Every structure is written in C-alpha cells, then in structure tokens.
Participant: 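Before I ask anything, let me first share the structure, which is written out below as structure tokens.
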Amino acid sequence: MNSKLVKSVAAVCLPLSLLLGCAGANNDNKDGAIENAPASYGPLPSAAQLNWHEMETYCLIHFTPTTFENKEWGYGDASPSIFNPAHFDAGQIAVAARSAGFRGLVSVAKHHDGFCLFPTKATDYNISKSPWRDGKGDMVKEFMEATRKQGMQFGAYCSAWDRNDPAYGTPEYVQHYRQELTDLYSNYGPLFISWHDGANGGDGYYGGAKEKRIIDRSVYYNWPSIWEITRKLQPGAVIFSDIGPDVRWVGNERGMAGETCWATFTPVGPEGKNPAPGFVDDRFLTTGQRDGKYWIPAECDVPLRPGWFYHPDQDDKVKSPDQLFDLYLQSVGRGACLNLGLSPNTEGLLHNNDVASLKAFGDKLNKTFADNLAKDAVFTASNIRDKNDKDFGTAKLTDDDRYSYWATDDKETKPELTIDLKESKRFNIIRLRENIKLGQRLDSVVIEQWQSDQWQPLASATSIGSTRLIRLPAFITTQKLRLHFFAPVCIALSDIGLFAEAPADYTAINKTRQSVGHEGWKTIAGSASAGGSRAALAFDGDKNTFWQTAAGSLPQQITIDLGGVKELKAFSWLPRQDSKPEGLISKYIFETSTDGKQWTTSAEGEFSNITANPVEQYVPLKKNVEARFIRLQATAVSGTGNAPAIITIAELNVF
Ligand code: FUL
C-alpha cells in the first residue's frame with residue numbers, strides 16, 4: 001500500500017468517475033493517489049472499465065427456443081411451447097463456469113429470435129407463454145441468482161434485432177426495446193455489462209409478415225439516448241458493442257485480439273459517418289489505435305463449441321483446455337477480456353464434454369499462474385522516481401496490487417530493468433502489467449535473457465496495458481532477464497511475473513458422427529471455377545483450400561457424383577477459412593438424386609451468422625435418403641443481399 005495519499009482529490013472524484021470515466025493517479029484508486037505521482041497519459045479507464053479489466057474472463061449463455069430448433073439464429077416464428085427444458089439448472093452452468101475461473105456470466109436475455117427469457121410487458125413473445133415452470137418462470141433471474149451464488153458478476157445481452165416483433169423497423173419497436181432494457185436494468189441487481197450486438201435487420205417472421213426489414217443502423221435506435229438509460233439505471237456497467245462506448249468488439253468471433261492491441265480507439269462509421277453498433281469502420285477493431293481518443297478496450301468473444309447455440313453434432317468439437325488457454329493468451333494476454341460462449345442443451349444443461357473442458361482449463365490456469373517465479377527476485381532499475389522513493393520502487397512489481405507500480409522520473413522514458421532470479425529457473429510465460437489508472441503509457445518492451453555469459457535477445461511486445469502475456473516459443477532456463485522499456489512519458493509498471501505453463505489433464509468423449517469420405521467423388525456439373533480454382537478443392541480434405549466459382553453464372557452451385565448410392569442423413573459445408581467475406585453462402589438448397597435426373601430437396605435454409613463465425617455448418621436432412629448425386633445451390637450470399645455473385649466451398653461432406 002502507498003503511504004502518501006492525496007485523499008481529498010480521491011474523495012471528490014470517486015462518485016463522478018463512474019459516470020465520466022475520470023480515473024488515474026489523482027482519484028479513485030482504493031488507496032488514493034501518491035504525492036508526486038506521474039501525470040496520467042492519454043485516455044483513462046472509468047471505474048466500470050477498471051472492474052471489467054480486472055474480471056478478465058466471463059461467459060455468454062445462449063439458450064432460447066433457437067436451441068430447440070437446432071439453429072444459430074431463430075427466425076422469430078418458433079412456438080413458445082417448444083421452450084421447456086426438463087432439467088434446466090442454472091447452478092450446473094454457473095458452477096462449470098466458475099470451475100474455469102470465469103468471473104461473470106452474461107445471460108442472452110433475448111436473442112435475434114425475439115423471445116425474452118424474462119417476463120416483460122414489452123412483448124408477448126416471452127417466457128410466460130412457455131410451459132417452462134408453468135409460465136411462471138424467469139430464467140434471467142435464475143441465471144442471476146446462480147451467478148451471484150458462485151461469487152461472479154452478472155450481465156445481460158438483449159438483441160436489438162428482433163425477428164419476431166411485428167413492429168420491428170418502426171419507432172414503436174424501439175420503444176419495446178427500451179422497455180426490455182429497462183426491465184433488465186431494474187430487476188436483476190447491478191450488472192457489470194450491457195452487451196449489444198451489431199447484427200441488425202434482415203429477414204424475419206415479424207408477426208407473420210415474413211419479409212426483409214432493413215433499418216438505417218446509424219439512426220434507427222438512437223443509441224445515445226439508450227446509453228443514457230444504461231448510465232442512469234446501471235452506472236457500474238460497461239456498455240459493449242462494435243464501437244463501445246466502453247468496450248469494443250474485437251472484430252472477429254475467434255476470440256483473438258491483435259498481437260498489438262491498444263485499449264485506446266476512436267470509433268467512426270463507414271465513410272466517416274456517425275458510428276453505431278453494426279455500423280462501424282472495422283479496420284482498427286482488432287488492434288485499437290495508439291492515438292485513439294477514448295479508452296475503449298477490446299472484448300474477444302468466442303463460443304466454447306463451433307456455434308453459439310447447442311448442436312448435438314458438435315459434442316465432439318468442444319474446445320480443449322489447451323485451445324482455451326491459447327485463446328486466454330491471445331485475449332486477456334493482449335489487454336482484452338475473454339467472453340466465452342456456453343450453450344446448454346435442450347435439457348437445460350451443459351454437456352459433459354463442456355463441463356470437463358472448462359474444469360481442466362481452470363485447473364491449468366490455476367496451476368500455471370500459482371507460482372510467480374519472479375516473486376523473490378532482485379530487481380535493479382536504471383531509475384526509480386523521486387530519488388528512489390520506495391512508493392515507486394520495484395517491490396511494487398510483485399505485490400498483489402495491480403495498481404501499485406514502479407515509476408521513473410518524468411524524463412526517464414526508456415528505462416531498463418534487470419531481474420536476477422538468484423538461481424536458474426525454467427519458464428515460458430512472461431507477464432507484464434501497467435497501472436492503467438495512469439493510462440496506457442508503454443509503446444513497447446524488449447527482453448533479453450542471460451545465456452552463455454552474455455545477454456541474448458529473447459522477446460519483445462507492444463501495447464502492454466492491463467495485461468500482456470508473452471508466451472515464449474519454448475521453455476527457457478535462465479537466471480537473469482533484462483527488460484528495456486520504451487514510452488513517450490515516464491513509465492508506471494505494476495506487475496512482472498514469470499510462469500511455467502502447466503499441462504492440461506482432459507479427455508473428451510469422442511466422435512458422434514462419421515462422414516462417408518470422399519473416395520470416388522466427381523464433380524459432374526456446377527458453376528464455372530474462378531481462374532486457378534478447381535472444383536475438387538471442395539472435397540480434398542484440406543480445410544485451408546477452397547473452390548471458388550467464377551462471378552456471374554447462375555445458379556451458383558455444385559453437383560457431385562458420389563460414385564455409388566449411399567444412405568445419407570446429413571451434409572456439411574465448411575466456409576472458406578481465410579477470414580475473407582466473399583462467397584459466404586447465407587441461404588442454400590441441398591438436393592439429392594439417385595440418377596442425376598430426378599432431384600429431391602433434402603434440406604434448405606439459412607446459414608446464420610456466417611460472416612462473423614464461419615465455422616462448419618452441419619445440416620441434418622429432412623429425412624434419411626438414398627442418393628448417388630448431391631447438389632448444393634446458394635440462393636443468397638452474405639453481405640450482397642442480391643443474387644449470389646460467387647460462392648466458395650472449403651469442404652463439402654455427407655454423413
Ligand atoms: C453475434 C450474433 O449474431 C450471434 O448469434 C451471437 O449472439 C454472437 C455472440 O453475436 O453477432
């Protein structure tokens with residue numbers, strides 16, 4: 001703890017900081033600010049944002065009638081009568097999340113299908129019309145109680161797009177949305193986050209109209225007036241959306257921040273227009289901007305399974321603890337937070353594979369970070385602020401306070417720090433943290449290790465911020481490290497840790513499905529290939545290659561001879577995996593035939609959320625069929641709204 005406090009300033013600023021985002025050396029930290037502390041640099045986090053940074057990881061739970069339809073986006077037409085999970089247990093879900101070290105749960109209180117998991121006057125399409133708990137239940141409340149029981153914080157996601165509401169697209173619907181948010185903000189205690197999605201407008205049921213409704217995303221909701229409701233009713237919550245205002249989307253649903261990822265960011269809309277959720281120039285979402293005007297750090301959202309909703313065919317595709325750990329390093333370890341999607345099954349429970357992976361991930365995290373090998377090291381700094389004032393000394397680097405810090409004199413912007421571990425130690429992770437109450441100060445750090453009697457280059461990193469975890473390419477054993485820091489102002493480093501990654505202990509229950517393989521497959525018809533592309537790339541077993549059609553020819557399709565009659569129950573399409581948006585099928589027809597002349601439509605529908613989350617789409621056929629020929633035709637492609645220009649297929653499989 002720091003001894004010389006400037007209490008008066010802290011007292012004045014604390015209540016205001018929640019609303020205005022004033023934070024830093026001169027105010028709200030628990031122990032107050034120290035006399036002669038460095039002046040803050042650039043935009044600063046608010047109290048709600050500091051709380052959010054400290055949480056590091058939390059979960060987002062998708063569970064609505066869409067789960068019972070085995071879809072990713074409900075159309076808005078599902079009967080509430082299908083929503084009746086026999087063994088729903090919020091406690092099972094919260095305990096599993098807690099076992100993985102998560103510090104919060106966010107309930108998807110309403111997804112795009114429009115069904116509210118809480119009773120509300122805003123729409124009839126809500127939980128009270130379902131048979132669950134005889135129509136007297138409130139699932140958001142059960143999630144909230146289970147979350148708090150595990151010592152975690154609670155948040156809510158209420159989709160602005162509503163594919164059920166007949167009024168969607170008119171000013172009346174915006175009133176419904178405001179009412180739903182007001183209900184969520186009023187009845188579930190303090191929320192740590194209000195989560196807002198960018199997917200807005202498009203095809204929907206809309207009370208039976210079954211049409212496409214396009215809204216002007218930049219003005220329709222009047223977001224600033226909605227944020228006012230949030231600030232008033234939930235002053236401790238951060239507001240998440242593509243553009244913030246408190247936490248921004250990282251720009252992908254793979255759970256990964258940029259290797260460089262600044263907490264500072266200036267939201268702008270496309271072509272310089274006013275930004276809004278779903279209406280943003282997305283170039284800097286992943287990296288942030290060093291000169292960004294506001295403190296708007298990134299949240300990395302990613303589902304534990306390929307999809308956000310539960311699909312039985314994905315039971316063997318649950319991310320392993322090692323994959324989760326990689327994501328942790330690429331999100332939390334880059335100054336962001338990790339928001340992991342959990343998807344209960346139709347029973348209302350997490351599958352055993354999910355529970356086991358979460359627990360093993362939590363164990364791995366605990367074991368890895370339990371022992372900071374730098375704890376008893378001797379630190380030698382090239383400069384310590386204010387004539388070696390111990391309030392700014394290197395002992396602050398290994399205490400448990402993430403806001404106490406080693407600082408240099410104002411003019412010392414490129415200091416050096418040597419760490420002597422007193423004996424050789426083996427590790428592969430280096431953790432650095434700044435005291436972000438004073439802003440994101442460091443540009444970069446370069447690290448050397450002592451090896452064969454000399455300093456040798458080891459690692460470097462940019463954008464340190466709230467947490468930077470550097471995983472070395474391999475374990476090293478050394479007694480000494482030397483760090484060179486670079487900043488535009490004096491530095492305020494709060495933490496150094498050295499850790500040895502622990503192995504994960506986990507075995508998944510495997511293989512729920514088997515593809516029939518690609519042997520004997522031949523393309524017999526289809527759209528022309530784009531120059532250099534070959535149709536056979538659509539079934540070469542390599543997910544990184546894909547077939548791309550030439551623009552223009554319609555319909556956009558592929559017809560394949562399987563080489564013999566097979567009994568089929570499902571097909572799958574893997575979109576291109578190179579993160580490019582062109583040619584992603586959003587609506588399809590899948591036909592089968594025994595002779596290549598008479599065709600039956602065996603499946604048709606929507607590949608939802610395909611741009612943000614282009615994972616394998618597994619589609620059970622309407623009924624099992626005997627077929628020698630299959631045809632996949634795209635009737636719409638994401639983003640174009642019109643006839644599909646081109647399609648891409650990384651892999652096609654039948655089961
Ligand atoms: C997306 C939505 O469209 C997905 O369905 C999911 O809810 C995800 C978390 O956000 O943008």
Side-chain angles (χ1 to χ4, degrees), residues 57-76 78 97 102 104-117 140 143 155-164 168 177 180 184 193-204 215 217 221 239-244 247-256 276-280 282 285-286 298-311 314 319 327 331 336-344 575 579 581 584 586-587 605-617 638-639:
T57 59
Y58 45 90
C59 295
L60 183 61
I61 305 163
H62 284 73
F63 186 53
T64 76
T66 306
T67 309
F68 295 77
E69 298 180 294
N70 197 15
K71 289 184 179 173
E72 274 293 289
W73 282 356
Y75 187 65
F102 289 95
L105 285 191
V106 183
S107 162
V108 176
K110 179 181 95 164
H111 197 246
H112 308 327
D113 66 325
F115 185 82
C116 291
L117 296 190
V140 176
F143 275 127
Y157 164 8
C158 188
S159 168
W161 184 21
D162 188 320
R163 299 176 101 183
N164 173 271
Y168 185 79
Y177 184 54
E180 287 157 13
L184 288 169
I193 195 167
S194 183
W195 209 95
H196 300 268
D197 186 49
N200 265 316
D203 286 340
I215 49 129
R217 295 177 181 199
Y221 296 97
I239 299 172
F240 165 93
S241 84
D242 300 27
I243 55 157
V247 176
R248 71 177 194 269
W249 184 45
V250 79
N252 64 66
E253 290 183 1
R254 284 176 287 123
M256 286 151 77
F279 190 72
V280 61
D282 58 10
L285 291 175
T286 312
E299 181 208 86
C300 300
D301 62 335
V302 59
L304 176 57
R305 295 162 159 253
W308 291 100
F309 281 89
Y310 177 81
H311 307 287
Q314 295 178 350
K319 290 182 179 66
L327 291 175
S331 53
C337 279
L338 175 64
N339 183 2
L340 186 76
L342 301 183
S343 41
S579 306
L584 295 176
S586 58
K587 281 192 196 163
E606 173 182 89
F607 292 135
S608 320
N609 199 26
I610 202 70
T611 315
N613 191 22
V615 294
E616 185 192 42
Q617 307 291 306
S638 176

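Quick caveat: nothing in here was measured; it's all calculated off a predicted structure. Ligands are counted one by one from 1 in listed order, and the atoms in each one are counted from 1 as well.
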Participant: Regarding Glu72 and Asn613, do their side chains bring together a donor and an acceptor under 3.5 Å, going by distance alone?
Facilitator: no

Participant: Considering only NZ, NE, NH1 and NH2 on the basic side and carboxylate oxygens on the acidic side, decide whether Lys110 and Glu180 come within less than 4.0 Å.
Facilitator: yes

Participant: Which atom pair, heavy atoms only, marks the closest approach of Tyr221 to Trp161?
Facilitator: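 Taking Tyr221 first and Trp161 second, the nearest heavy atoms are OH-N, 3.8 Å.
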
Participant: List by chain and number: which residues place a heavy atom under 4.0 Å from ligand 1?
Facilitator: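 Correct list: Leu60, His62, Trp73, His111, His112, Tyr157, Trp195, Asp197, Ala199, Glu253, Asp301, Trp308, Asn609.
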
Participant: Can you see whether Trp73 engages Asp113 through a side-chain donor-acceptor pair at a distance of less than 3.5 angstrom?
Facilitator: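 Per modelled atom types, Trp73 and Asp113 side chains form no pair under 3.5 Å.
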
Participant: For a side chain to side chain contact (heavy atoms under 4.5 Å, CB included) check, start with the C-alpha distance between Leu60 and Leu342, then their side-chain angles and the critical distance, and finish with the verdict.
Facilitator: CA-CA 6 Å; Leu60 183 61; Leu342 301 183; over 6 Å; no

Participant: So that I know where these two stand, are Tyr310 and His62 an aromatic pair - ring centroids less than 6.0 Å apart?
Facilitator: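 No.
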
